[in-house]
Amino acid sequence: MVIRTVILTNNLSPSFPVDELSPILTIDLMALSHNYSALQNKSGKAKLATVVKADAYGLGIENIVPVLMDAGCESFFVATACEADALRNLSPDNDIYIMNGLTCDGTFLADKNLAPCLASGEEVAQWITLCNARNTNLPAAIHIDTGFNRLGICPDDWSFIADQIKASNFIPKLIMSHLACSEHKEHPKNRAQVETFEAARQLFPDVTASLANSGGIFLGTDFHYDLIRAGIALYGSVDFDTADAGLKNVISLHVPILQLRDVKQGETVGYGCDFIAQRDSKIAVLGIGYADGIFRHLGDLNDKPATATVALEGQIMPLIGRVSMDLTTIDVTDFTGSLEKGMMVELIGETIKLADVAQRANSISYEILTRLGTRYKRYYKQYHKTSERP
Ligand SMILES: *Cc1c(COP(=O)(O)O)cnc(C)c1O
């Protein structure tokens, strides 16, 4: 694979021949590859596995995963068995872990060499039964709860389960747990979870261990263990400090101006008449809305300090009025250049950081990405495998 430049219109009508003015979601695969390497460097001796659940955080596994494989990624994590099955088609030989646990017939997973993260005594018992029936070891992780209280085997069950495993054909491929507060460096929960994880590992001393997600990489080597599960940080702009890692921005979202209008002082814009022009204004109407994952309440922030903004040729402009399903309005009165229909406005990118958009929407980067929707043209920016660059 040398270059991957894929331009997809939405999947509603793949044969639609017209080049319509529509939002363009650009995914910079070179930056993605760079970020994988930068995070691997930051992870020291631990191997960097990647989390590509929810279709690689909404960005498309079929384009994201080959780049990660080229960059050296050998293990992948997804949430569901169905996601794992789809990923197996792209990645015949790599380790694929299912973080939601044993949620379907184990024989299907075993036949496809997919590894569930067993999250209870019951799931471990089912896996042991399968291993014993086939008289072999089958790949699976054991998911330990270290205080998250979401999925994972509780401390009271550890030693009983460890004994059962020792007496069976099943040899866990991985012991894993998940951090609740990794994006807050100073939170005492981080240290407490390491100590609990240490206690669990005593029972499985030779098994590969994994605790850290993206945030965990930046908590220091105590948190790294053997395998890191990185997701959000691959895309550069995150909600926590990654200062010294040199991550690059991967995602940008540009939206065309569909119409420009003059609005007189005192007139209102949009649903609910939420925006009232305080002066004679120039308004641009953008072809994007909450159906495309632009959070509706970004528009509710009018007149409050955290007004959402966009960038037009590098100039910052406020988003005004309510975001509707397919349209959003911005105030371009102060724009200094010439304006015309079709100009592209940056909603996410180098100027308008994903993490800032998330904060303004009272959300997190993860939620913004996974809600972006299907109506974009997706442009997977040129990618050359390092060794094959022209
Ligand atoms: C989503 C998830 C990750 C990846 O988290 P990031 O913060 O995106 O790096 C890792 N482990 C588990 C269990 C997860 O659910």
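When a ligand or atom number is given, it counts from 1 through the structure's own listing order. Position 1 is the first residue of the sequence; numbering continues from there. Values in this document were obtained by computation on a predicted structure and should not be read as measured data.
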So which heavy atom in the protein is nearest atom 5 (O) of ligand 1, and how far is it from that ligand atom? Asn213 CB, 3.5 Å
When the ring planes of Tyr225 and Phe197 are compared, do they come out parallel, tilted or perpendicular, using 30° and 60° as the limits? perpendicular
Identify the protein heavy atom lying closest to atom 7 (O) of ligand 1, giving its residue, its atom name and the separation to 0.1 Å. Tyr366 OH, 2.6 Å
Under 4.0 Å from any heavy atom of Arg150, which atoms of ligand 1 are there? 15 (O)
Closest approach of any protein heavy atom to atom 8 (O) of ligand 1, naming residue and atom: Tyr57 OH, 2.5 Å
Ligand 1 to Ala233 polar contact by distance, N or O atoms, under 3.5 Å: no
Look at atom 11 (N) of ligand 1 and say which protein heavy atom is nearest, naming residue and atom and giving the distance to 0.1 Å. Arg229 NE, 3.0 Å
Please determine if Met176 has a nitrogen or oxygen closer than 3.5 Å to a nitrogen or oxygen of ligand 1. no
Please confirm whether Ala230 approaches ligand 1 to less than 4.0 Å, judged on its heavy atoms. yes
Identify the protein heavy atom lying closest to atom 14 (C) of ligand 1, giving its residue, its atom name and the separation to 0.1 Å. Lys53 NZ, 3.0 Å
Do you see a donor-acceptor pair shorter than 3.5 Å between the side chains of Thr146 and Thr196? no
Considering only protein heavy atoms, which is closest to atom 9 (O) of ligand 1, and at what distance to one decimal place? Ser214 OG, 2.5 Å
Do the charged groups of Asp262 and Lys282 touch, with an N to O distance under 4.0 Å? yes
Taking the inter-plane angle between the rings of Tyr235 and Tyr57 on a 0 to 90° scale, is it parallel (under 30°), tilted (30 to 60°) or perpendicular (over 60°)? tilted
Does either side chain, that of Glu346 or that of Ser252, offer a donor lying less than 3.5 Å from an acceptor on the other one? no
Looking only at side-chain N and O atoms, does Ser182 offer a donor or acceptor that is under 3.5 Å from a partner on Asn213? yes
In terms of side-chain heavy atoms, does Arg261 have a donor or acceptor partner in Gln259 at a distance below 3.5 Å? yes
